[in-house]
Amino acid sequence: MDPILDGLNHAQREAVTSSGSILQVLAPPGSGKTKTLTARVAYLLSHHKYQPQDVICCTFTIKASREMRERLAKLIGEKLESRLILGTFHSICRRYLVKYGYLIGLRKGFGIADSDDTRAIIRRSIKRLKSSIEVKAAQGRISRHKAHGLSPDALADRAKAEELELVDIYRDYESALAASNLLDYDDLLLRCGDLLRDHPECVSNVQAVLVDEFQDTNIIQYELMNLFAAKNRRITIVGDPDQSIYGFRSAEIQNLKRMQRRYSNTTVVLLEDNYRSAASILNAAQEVIEQDTSRPAKALQATHSFGTLPVLRRLPNPNAEAQWMVLEIKRCAAMTGGLLRMSDFAVLLRSASLSTQIETAFGRAVKILLNYMRVVSHTGHSDALMNIVNVPPRRIGDETIKQLTSGAEKAKIPLWNFIKDVIQGRRSTEKKLQKTAEQGLCTLVNLIEASRQKLQECEDASAPRVLIEFIAERLSFQEYLIRTYPLDEDSRWANVRELMHQASEVAAFEEEEVDKEMDLPEIEGVQQQQAHSGEEALTRFLANVALATEITTREESKEGDQPSEKVTISTIHAAKGLEWPVVFVPAVYNGSIPHSRAEVVEEERRLLYVAMTRAQALLYLSIPIRQPRLGEGEDGATTLTPFLPPKLTKTRFRPTGPSLHEKVVYAIADILRRPRPSLDDMYKGLEFLPSTLDDRWTPEGEEDHSKFDSTSTSHEASGEPNPKRRRSDMNQGAKSTTYMSSAGYTMNNSTEFTIPTTVSSGFTSARDYIAANPVPPAEPASKPPAGADADAAGANKSKPLSSTGRKDGLTQASISNFFSGPGSSQKREPVLPSHPQPPPSRRYEGAPSQNQRSGARSIVPVALSSHRVQPRPLIPTRPALEPTNPNGYTWLAAPSKPTLKPARTSMTQEQSNNTSGGRAGADEVKPESSTRGFRPATTFHSTTMSMVQQAPRRTLGIRRSMNGWQDRMKREGGGQSS
DNA sequence: CCCATGAGTGTTTTT
DNA sequence: CACTCATGGG
């Protein structure tokens with residue numbers, strides 16, 4: 001039979017082969033959504049003979065589109081795949097606008113305003129108008145209005161008093177964008193919509209349109225979809241209302257319904273077999289989502305065995321929570337005999353503000369260069385210009401800038417032109433500029449002019465790279481970095497190198513496939529706009545960067561390219577669509593999971609649902625029972641998220657990590673469809689574990705003091721039989737290993753570096769841990785040089801640097817801090833904490849100032865990972881273009897076969913690991929998902945671990961180390977001790 | 001008057 | 001880290 005249909009179940013096949021022109025595929029987590037969509041594309045090409053360039057396939061994230069491209073390449077061959085019009089809505093729109101934007105009066109060479117630009121513009125307006133609205137709030141509201149197609153004037157009309165203030169800002173913002181010839185994210189969609197409405201001929205070739213993650217579309221995207229398909233009205237969408245988590249971005253869950261109304265011939269196919277997770281995980285997740293009573297009931301059948309119950313763990317505080325995760329990760333890795341490697345673990349957070357910011361911060365060096373390039377590419381980019389006028393410092397301060405901008409405004413010419421005129425004596429500012437400032441401007445102008453010249457000379461795709469190098473050179477950029485960030489200049493410089501690398505890669509890529517992906521098919525009678533190739537290469541490069549990109553760069557290094565062994569840390573949003581064997585969802589307390597600022601609680605619940613359904617074999621939720629900083633109650637006691645009511649936690653979760661005896665391990669292997677490890681392997685890693693059980697803290701979340709001496713294990717907690725392994729007692733030996741370099745390195749710089757080294761008693765420090773483990777599965781490091789390092793470290797740190805005394809108390813506010821935090825000292829990577837037991841009973845609370853080696857400070861974080869994944873939208877609270885009828889879907893068509901699966905799916909008791917029976921489901925259906933093929937995603941932000949490994953990975957841009965945390969730690973530590 | 005530097009505060013989710 | 005506010009040098 002048709003190879004395209006291989007491995008598809010009944011419902012999936014039905015979806016793929018459906019003859020309906022308007023098709024909705026409702027696909028819950030793990031049901032083979034992407035697989036179905038790609039197969040559908042292949043099917044349309046082969047059975048309907050559509051040309052690939054006549055098929056549009058939209059996703060929401062770059063990552064998703066990349067994945068789809070890869071899968072399609074395998075299915076239909078690269079040749080066809082490369083001709084498909086496939087990408088995020090934003091990138092597809094950009095493509096159309098580049099080619100046909102002139103038809104609606106778009107100026108050539110427009111740039112894309114990323115959120116920094118946007119924020120800067122809005123900030124300025126707010127300041128000028130003396131508004132009291134917060135920048136971020138204004139930014140969000142404006143975007144929301146734009147997403148709903150409301151112009152400033154339209155908004156003014158229905159103005160409520162308080163919106164009036166916003167209207168002015170909005171207007172201002174729009175004109176600033178126009179003045180710089182910039183389009184923001186919303187504009188890309190809006191303007192493309194305008195284009196296609198006025199000139200439908202641009203898409204007259206389109207035979208079929210496919211949209212992934214449809215529940216995340218907003219009104220504009222929905223409209224775009226219709227416009228793309230205007231000619232032939234053939235649309236396939238896949239989505240799942242339960243995974244709608246992008247409402248804040250104006251996604252409208254009602255689009256599903258809306259689409260059904262619009263196309264009366266809509267066919268709906270429902271997929272309901274889950275191939276990803278253990279039944280126990282699915283059951284728990286299902287109960288969470290079903291609390292939303294407005295949601296239509298929907299079945300989700302597990303095809304895997306029950307597995308082992310998910311965990312809901314209580315811990316004393318966020319710090320302990322982080323340590324616990326690390327311990328559990330080590331325990332799992334060690335006790336499963338090589339079955340799980342670091343990349344199989346993920347920590348999913350509700351908010352990643354910390355790490356996110358840091359990452360962006362680290363990207364600053366890169367950003368500076370990009371802004372130079374943007375100015376070179378288009379001198380009208382006043383914003384980019386303002387960002388770099390005084391970077392590196394040129395004695396051009398606020399006053400000078402004010403003079404210049406107001407002068408430019410009066411003269412009605414772009415800032416750049418005005419500046420140039422001023423320094424060339426053709427114009428002058430109201431007030432005379434300082435001599436020094438004038439000189440500074442002069443150098444700047446010279447540099448930009450020289451760069452533009454250079455660009456003109458460069459007629460090919462290498463332009464981006466040539467320019468970066470030229471500019472960096474002329475700025476003595478590396479020296480500037482050293483001067484500015486003495487502590488970690490090199491990691492920043494590394495980011496720059498990375499950028500250069502990306503630039504050259506892009507160049508190579510484009511050379512060899514010039515007419516590939518970026519070109520749209522020629523349409524008779526409609527002319528496409530062409531451009532100077534050097535300039536065009538530059539613009540494109542910049543656009544890709546702005547679109548968050550991760551320009552793919554296929555090849556990720558040839559040698560040693562193991563999928564990088566790191567634990568992934570990501571936001572839940574970014575994790576959508578992905579899966580991992582083991583998933584941790586920390587901080588499930590009220591205020592975090594239903595986020596305190598969340599507008600729609602249901603969305604938060606879905607978020608938890610999405611997080612839980614990312615797990616294949618093991619799922620851990622955890623909560624610090626006290627959160628010192630953001631004290632919720634007195635003493636910062638937290639309350640469990642309302643999404644996990646007692647009824648649920650009692651039946652669907654266990655209080656501590658499962659004991660990992662053979663059966664459990666086999667079940668995990670089966671679910672992952674990996675070979676079962678041998679008993680020998682399973683025993684191997686044990687001796688380095690502090691305990692074979694999750695018993696360092698009591699199930700109630702207290703530190704378990706009894707633990708130190710005796711071996712009394714409280715395994716009962718887990719409800720499973722006591723494994724026969726005994727805990728190896730490792731006290732002493734510092735088995736740590738290698739962390740040499742880091743220590744050495746940092747020491748030079750003096751400032752602190754403390755942290756990492758603190759190894760406490762005999763465990764490996766986090767850093768060692770990673771150093772030792774990163775690669776192969778867990779093989780613990782060999783033996784240790786021990787002692788010395790720890791001492792050194794200790795000594796060093798004991799000297800608190802100057803005033804900022806760091807203490808080590810480390811109470812972080814949240815886990816994310818923890819992870820990112822401490823461990824890193826200067827350039828190192830993140831480390832994983834390790835540390836199981838605190839040595840002697842030192843508790844940290846008591847001794848704030850000293851003790852660095854106490855267990856407390858052990859921080860160390862995990863490798864922080866990398867990753868960011870895809871996002872998707874959600875429902876807004878807006879005033880509605882349509883009656884909101886939350887979820888009243890009607891299934892127009894029935895799904896797959898009635899499915900009766902043997903009841904195996906839900907055995908209620910945990911012990912169901914029975915036998916290998918676990919694989920039952922798997923036999924009937926060919927497994928599909930599985931983890932293969934997925935890489936940890938390199939993304940824009942990769943973090944640090946990479947440094948540990950030799951080969952730096954490539955990602956677009958930012959590689960970060962976690963400095964910066966140090967100050968933070970110092971501060972926090974200090975504060976709290978007092 | 002203008003610019004640089006240091007201290008203090010605070011942070012959902014993302015194309 | 002970004003942002004804001006205060007102080008000190010030119």
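Computation of the quantities below employed the complete heavy-atom set of this structure, encompassing side-chain atoms and omitting hydrogens, waters and symmetry-equivalent molecules. Within every chain, numbering begins at 1; the chains are lettered A, B, ... in the order of the sequence lines, protein sequences first and strands thereafter.
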- With sugar-phosphate meaning primed atoms plus P, OP1 and OP2, does A:Thr400 contact a base, only sugar-phosphate, or nothing at under 4.0 Å between heavy atoms? sugar-phosphate

- Message: By the 4.0 Å heavy-atom rule, please label A:Lys435 as base, sugar-phosphate, or nothing.
- Response: nothing

- If you check every side-chain atom of A:Lys431, which of B:dA4, B:dC2, B:dT12 has the closest atom? B:dC2

- Message: Any residue in residues 124-140 of chain A with a heavy atom nearer than 4.0 angstrom to DNA chain C? Just list them by number, or reply none.
- Response: none

- Rounding to a whole Å, what distance do you find between A:Ile62:CD1 and B:dT14:C1'? 12 Å

- Item | Distance, rounded to the nearest Å, where A:Arg249 contributes CZ and B:dT15 contributes C1' | 5 Å

- Over how many whole Å does the gap from A:Leu97 atom CG to B:dT15 atom C1' extend? 15 Å

- Heavy-atom pair of closest approach, residues A:Val389 and A:Ile396: O-CD1, 3.6 Å

- Any salt bridge between A:Asp116 and A:Lys367, counting N to O under 4.0 Å? yes

- Atom-to-atom span, CG of A:Leu348 to P of B:dT12 - whole angstrom: 20 Å

- Task: Evaluate the ring planes of A:Phe228 and A:Phe89, with Trp represented by its six-membered ring, and classify them as parallel (under 30°), tilted (30 to 60°) or perpendicular (over 60°).
- Result: parallel

- Message: What is the distance, to the nearest angstrom, from the NZ atom on A:Lys367 to the P atom on C:dA2?
- Response: 10 Å

- Message: Taking any heavy-atom pair under 4.0 Å as a contact, classify A:Asp114: base, sugar-phosphate, or nothing.
- Response: nothing

- Query: What nucleotide, of B:dT15, C:dA2, B:dT12, holds the atom closest to the side chain of A:His90?
  - Reply: B:dT15

- Query: What nucleic acid atoms does A:Asp184 come within less than 4.0 Å of, heavy atoms only: base, sugar-phosphate, or nothing?
  - Reply: nothing

- Message: Side chains of A:Arg374 and A:Asn371 only: does a donor on one sit below 3.5 Å from an acceptor on the other?
- Response: yes

Under 3.5 Å, which N/O atoms of the protein pair with N/O atoms of nucleotides 5-10 of chain C?
none

- Note on the structure: From CZ of A:Phe248 across to C1' of B:dT14 the rounded distance in Å is 5 Å

- Message: Counting the benzene-type ring for Trp, do A:His595 and A:Phe248 have ring centres under 6.0 Å apart?
- Response: no

- Query: What is the distance from NZ of A:Lys576 to C1' of B:dT15, rounded to the nearest Å?
  - Reply: 13 Å

- Message: Which heavy atom of A:Leu189 sits nearest to which heavy atom of A:Cys93, and what is that distance?
- Response: CD2-SG, 3.8 Å

- Taken to the nearest whole Å, CD1/A:Ile368 to C1'/C:dC1 is 13 Å

